[in-house]
Amino acid sequence: MLFKQQALLRQKLFVLGSLAIGSVLYLVARVGTLDRLQPICPIEGRLIPPEPEKIPLRTLQFKRGLLHELRKGNATKEQIHLHNLVQQLPRAIIIGVRKGGTRALLEMLNLHPAVVKASQEIHFFDNDQNYARGIDWYRGKMPFSFPHQITIEKSPAYFITEEVPERIFKMNSSIKLLIIVREPTTRAVSDYTQVLEGKERKNKTYHKFEKLAIDTNTCEVNTKYKAVRTSIYTKHLERWLKYFPVEQFHIVDGDRLIMDPLQELQLVERFLNLPSRISQYNLYFNATRGFYCLRFNIIFNKCLAGSKGRIHPEVDPSVVTKLQKFFHPFNQKFYQITGRTFNWP
Ligand code: A3P
C-alpha cells in the first residue's frame, strides 16, 4: 500500500515538474520571439532618418566600383538617392594645353579618392552650340559623385579659344585652373603628329612639318600655323589673366609628368587643397608602353590608349633650332608671369 502511494506521488511530481519546465521554456521562447519582432524603440527607429553616410577617404577607393557603374549609366535612381550622389559642376578644369599631357594628368588625378573625372572632353565653353544649351546641360554631362568629392573636366581647346575665360569666369570666378605644358617645339611636333595620323587614316597626304612650321617666303617661323601659335603659351595666358589672378592657375610640367609623375601630382594635390593620397603604388612604369601606367588597386590597372605617346617624325635640326629660338622670349615671359621656370632652350 505504502509502495503504491509513493509511486503515485512520484508520478504527480513528475507531471508538475514537466509542467514547470515546459512553462519556463515557453516563456523563454516567447520573450525571444518578441525581442526579435519588436525593436526596443520602434517609433524612434522608424521616424529618425539614419545618419547621412560620411565616407572616409580611404573607403571611397573601394566605392569606385559603384561610381564606375554609375558613370556608365548603369545605376538606378534608387542607388543614386541611396548614396546621396550628385552631378556637380567642376571645381577645377584642365584648360590645356593640347598635347601637353592633358589626358594623362586627368587620369592620374582621378586616382585620388576625392576626385571624379568627366571622362569625355565636354567642349562646353569653346563650342557656341554647346554653350547655348546652358549650364544645366553642362552639369548633366558631369559624372555622379559624393557631395564632398570634386569633379574635374579637361577640354584642351579652352586654353586657346578667345571666349572661354569670360565664360568660365561667369560660371565660377574662383575656379581652379590647371595648365599642363611641354617644351613648346616638342609640343608643336606632337600636335603635328596627331593631325598627320588623322590624315593617314583617311588615306590623305599631308605636308611635312618643316613646310608648315617655316614660311618658305621669309624663311622665318610661320606664326599662322596653329601648332606654332598654340605653343606661344604666354600669349594665351595673358588673355586668361584679364579675368583670373595668377594664383588661380597651376602650371604642370608635362615633360616631368612623363618621367616622374608622382612629384607633379603631389604639387597638384596641394594646389587643389586635397590631402596627399596618390602614391608610388598607384603609378608603375610599363617598359613596353614606355610610359607610367595607373594602378587603382590590386585588380584594376590601366595604361593610356595607344594614341597617347606616338612616335614623332624626325624634324630637320635647323628647323628645330629656329623654332626654339623663336619660342625663347615667349618662354621667358611665361616663366616670369607664372613663377615656374623650365629647362627649355
Ligand atoms: P605624344 O603622343 O606626343 O608622346 P594630350 O593628352 O594632351 O593629348 O597629351 C598627349 C601626350 O601625353 C603624349 O604626347 C604623351 O607624351 C604624354 N603623356 C604623358 N604621360 C603619359 C602617359 N603616362 N602615358 C601616355 N602618354 C603620356
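We're numbering straight along the sequence, starting at 1. Just follow the structure's listing: the first ligand is 1, and inside any ligand the first atom is 1. We use all heavy atoms of the structure for the numbers below, so side chains are in, but hydrogens, waters and symmetry mates are not.
Heavy atoms of Gly100 come nearer than 4.0 angstrom to ligand 1 in at least one pair. Taking a 4.0 Å cut-off on heavy atoms, Arg187 fails to register as neighbouring ligand 1. Distances from ligand 1 to the non-hydrogen atoms of Gln194 include no value under 4.0 Å.
For Phe124 and Tyr131, the ring centers sit closer than 6.0 Å to each other. Aromatic ring centres of Tyr292 and Tyr284 lie farther apart than the 6.0 Å criterion allows.
Protein heavy atom closest to atom 23 (N) of ligand 1, with residue, atom name and distance, is Tyr292 O, 2.9 Å. Atom 7 (O) of ligand 1 has its closest protein heavy atom at Thr102 OG1, 2.6 Å. Scanning all protein heavy atoms for the shortest distance to atom 22 (C) of ligand 1 gives Phe291 CD2, 3.5 Å.
Within the set Glu121, Lys308, Lys99, Glu107, the minimum heavy-atom distance to atom 26 (N) of ligand 1 is found for Lys308.
Atoms of ligand 1 lying under 4.0 Å from any heavy atom of Ile258, numbered from 1 in the order shown and given with element: 16 (O), 18 (N), 19 (C), 20 (N). Using a 4.0 Å cut-off to heavy atoms of Ala104, the atoms of ligand 1 that qualify are 19 (C), 20 (N), 21 (C). Under a 4.0 Å criterion applied to the non-hydrogen atoms of Met108, ligand 1 contributes the atoms 23 (N).
Residue contacts with ligand 1: Gly309 is placed with a nitrogen or oxygen under 3.5 Å of a nitrogen or oxygen of the ligand (distance criterion only). For Arg103, a nitrogen or oxygen atom sits less than 3.5 Å from a nitrogen or oxygen atom of ligand 1, counting backbone and side chain alike. Of the polar atoms of Ser307, none of the N or O atoms is found under 3.5 Å from an N or O of ligand 1, judged by distance alone. Distances between N or O atoms of Gly101 and those of ligand 1 include at least one value under 3.5 Å. At least one N/O-N/O distance between His312 and ligand 1 falls below 3.5 Å. The N/O atoms of Ser190, backbone and side chain alike, include one that comes under 3.5 Å of an N/O atom in ligand 1.
Ring geometry, Trp344 versus Tyr335: the interplanar angle falls from 30° to 60°, so the pair is classed tilted.
Put simply, the side chain of Phe271 reaches to within 4.5 Å of the side chain of Leu178, judged on heavy atoms.
Residues satisfying the salt bridge (charged side-chain N to carboxylate O under 4.0 Å, His left out) criterion with Glu264, sequence neighbours excluded, are Arg256, Arg340. Applying the ring-ring contact (aromatic ring centres under 6.0 Å, His included) test to Tyr192 and every residue at least two apart in sequence or in another chain returns Tyr206, Phe209.
Between the Glu183 side chain and the Thr185 main chain, a donor and an acceptor come within less than 3.5 Å of each other. For Gln149 (side chain) and Phe146 (main-chain N/O), a donor-acceptor pair under 3.5 Å exists by modelled atom type. Under the 3.5 Å distance criterion, the side-chain polar atoms of Thr218 are matched with a main-chain donor or acceptor of Glu220. Of the possible donor and acceptor atoms, one in the side chain of Lys322 sits under 3.5 Å from a partner among the backbone N and O of Cys219.
When heavy-atom distances to ligand 1 are checked against a 4.0 Å cut-off, Arg182 comes that close only through its side chain, counted from C-beta outward.
For the pair Arg98 and Phe159, the NZ or CZ position fails the cation-pi test of under 6.0 Å to the six-membered ring centre and within 45 degrees of the ring normal.
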